[in-house]
Q: 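Here you go, one structure.
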There are 2 protein chains.
Amino acid sequence: MQTDQTLKLENQICFAIYACSRELTKLYRPLLQELGLTYTQYVTMLALWEQDQVTVSTLGAKLYLDSGTLTPLLKKLEAAGHITRTRDKNDERNVVIALTEQGRQLREQAVDIPEKLLCQLDASPEEGGFLLTQMQELMARVQQRTNSAANIKGDE
Amino acid sequence: MQTDQTLKLENQICFAIYACSRELTKLYRPLLQELGLTYTQYVTMLALWEQDQVTVSTLGAKLYLDSGTLTPLLKKLEAAGHITRTRDKNDERNVVIALTEQGRQLREQAVDIPEKLLCQLDASPEEGGFLLTQMQELMARVQQRTNSAANIKGDE
DNA sequence: TACTATTTAATTTAATGCAATTTAATTGAA
DNA sequence: TTCAATTAAATTGCATTAAATTAAATAGTA
């Protein structure tokens, strides 16, 4: 059923998420500037602080980013001295990303960023947790769709 | 309070929104390709279908985009024949964006896109409405912060 | 072994996004 | 009225993003 409301900008969940994502990133920017990181570099470091010694594609799967985005980004993190990029001796197609000591230490400077952000938003942990769950559920649904779309494409 | 969990990627609301936004955009892409629009061009057209004869800055305020993004995007929509860009005779600093007849007619091809998306996600209108409200509340909080940050900056 | 298919990164191309600067036009105050 | 301040777009530079192509390495098969 389509009404006049259907195409209203304010009724689009996707636009709300899209705009919110960009505005949230702006909120992080001044905090991340102190670490010399962009937002994408920050989430990449988050992933690596959980687990390093991973390939570009493993990292990409966690971050939903492909090598076209990650390769230049990882080269910058390497140039900044936070990580190393090494070809896997066993399979030289793989590039293994590892933290340097400097990259590991950067975590100490980042550890209070999430709290600062939540404070800025006056969000309680409960609200935050609830919204997080909702986003993850939506993400799961989107993933099902993009995966099945990819499979259809792959079957052709 | 910081725990080991604090910096976990899966606990970051911001990352959930950031990743979800990109994945949702991917879901729109094939539908929008039929109209020859990118996602950002699509939301710009949504805004213009609600109201045209607006300035670049008015449009930017609705979309949370600045002239650095909008100017080249609007030139492309103009080149595609969907809009016109005209200097305001009363105040030549302003560029007024208006739909062409072709741009107005494009709406008919777009009108079933939101429904297709919701179907793909198996989302009920209730779930959708609920999430939308939550995102808008978060957005309002973020806006408060970015505005006050801008004011602080402006006061210096 | 030789050849093909697959896999993984890297590269290329095009489109955002944002910050900072520049340009042009207008406004407002001395 | 003249000039400084403000405003609106455009421009510039840098950093993502995604899709498509390329290149290198490996795996699988005849």
Side-chain angles (χ1 to χ4, degrees), chain A residues 15 18-30 32-33 36-44 54-61 63-80 85-97 146 149-150 153-154 156, chain B residues 15 18-30 32-33 36-44 54-61 63-80 85-97 146 149-150 153-154 156:
Chain A
F15 175 70
Y18 163 78
C20 202
S21 174
R22 281 184 289 119
E23 293 298 309
L24 272 173
T25 303
K26 280 186 204 171
L27 223 50
Y28 275 88
R29 209 178 310 272
L32 294 178
Q33 243 162 20
L37 297 177
T38 64
Y39 181 73
T40 315
Q41 289 168 4
Y42 168 68
V43 294
T44 302
V54 292
T55 64
V56 173
S57 54
T58 302
L59 203 49
L63 298 169
Y64 307 97
L65 293 170
D66 70 3
S67 68
T69 301
L70 279 178
T71 296
L73 184 149
L74 291 170
K75 284 182 177 174
K76 273 167 210 151
L77 289 178
E78 184 184 36
R85 297 166 62 250
T86 320
R87 290 274 169 192
D88 185 344
K89 287 292 169 216
N90 295 340
D91 185 342
E92 296 222 346
R93 291 174 302 182
N94 291 313
V95 170
V96 177
I97 309 299
T146 50
K153 198 176 175 184
E156 286 171 351
Chain B
F15 175 70
Y18 165 79
C20 202
S21 175
R22 281 182 289 121
E23 293 298 309
L24 272 174
T25 303
K26 279 187 204 169
L27 221 49
Y28 274 87
R29 210 178 308 271
L32 293 178
Q33 244 163 17
L37 296 177
T38 64
Y39 181 73
T40 314
Q41 290 168 5
Y42 168 68
V43 294
T44 303
V54 293
T55 65
V56 172
S57 53
T58 303
L59 202 51
L63 298 170
Y64 306 97
L65 292 170
D66 69 3
S67 67
T69 303
L70 278 178
T71 296
L73 184 149
L74 291 169
K75 284 182 178 175
K76 273 165 209 151
L77 289 178
E78 185 185 36
R85 299 165 60 247
T86 321
R87 289 278 169 188
D88 184 343
K89 285 293 170 217
N90 294 340
D91 185 342
E92 297 222 346
R93 288 173 305 182
N94 291 312
V95 169
V96 177
I97 308 300
T146 50
K153 199 176 177 184
E156 287 171 351

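This structure is a prediction, so every number in the text was calculated from the model and none was measured.
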Q: Expressed in angstrom and rounded to an integer, what is the separation of A/Glu92 atom CD from D/dA27 atom P?
A: 12 Å

Q: Below 4.0 angstrom from OP1 or OP2 of D/dA18, is there any side-chain N or O of B/Arg29?
A: no

Q: To the nearest 0.5 Å, what is the distance between OG1 (A/Thr25) and OH (B/Tyr18)?
A: 7.5 Å

Q: Rounded to whole angstrom units, what separation is found between the NZ atom of A/Lys26 and the C1' atom of D/dT16?
A: 15 Å

Q: Please report, rounded to the nearest Å, how far the P atom of D/dG13 is from the CG atom of B/Asp66.
A: 17 Å

Q: Would you say A/Tyr18 reaches C/dG17's phosphate, i.e. side-chain N/O to OP1/OP2 under 4.0 Å?
A: yes

Q: In whole angstrom, give the distance that lies between atom CD of B/Glu23 and atom P of D/dA18.
A: 7 Å

Q: Measure from CZ on A/Phe15 to C1' on C/dG17 and round the result to the nearest Å.
A: 14 Å

Q: How close do A/Pro72 and A/Ser67 get, counting heavy atoms only, and between which atoms?
A: CD-O, 3.9 Å

Q: Which letter, B, S or -, goes with each nucleotide of nucleotides 6-15 of chain C from 5' to 3', with contact meaning a protein heavy atom under 4.0 Å?
A: BBSSBB---S

Q: B/Glu78: what forms a side chain to side chain contact (heavy atoms under 4.5 Å, CB included) with it, not counting sequence neighbours?
A: B/Ile83, B/Arg85

Q: Want to settle it: does A/Tyr39 or A/Asp88 sit nearer the 5' end of DNA chain D, counting the closest nucleotide to each?
A: A/Tyr39

Q: Could you tell me the separation between the OH atom of B/Tyr64 and the CZ atom of A/Phe15, rounded to the nearest 0.5 Å?
A: 6.5 Å

Q: Kindly compute the distance separating CD1 (B/Ile97) from CG (B/Leu77), expressed to the nearest 0.5 Å.
A: 9.0 Å

Q: Rounded to whole Å, how long is the line connecting atom CD of A/Gln33 with atom C1' of D/dA15?
A: 13 Å

Q: Expressed in angstrom and rounded to an integer, what is the separation of B/Leu63 atom CG from C/dT16 atom C1'?
A: 13 Å

Q: Please lay out, stage by stage, how A/Asp88 and A/Thr55 fare under the test side chain to side chain contact (heavy atoms under 4.5 Å, CB included).
A: CA-CA 9 Å; A/Asp88 185 344; A/Thr55 64; 5.9 Å; no

Q: Between B/Tyr42 (OH) and C/dT16 (C1'), how many Å, whole number?
A: 18 Å

Q: Ignoring hydrogens and geometry, is there a side-chain-to-backbone donor-acceptor pair from B/Arg87 to B/Arg93 under 3.5 Å?
A: yes

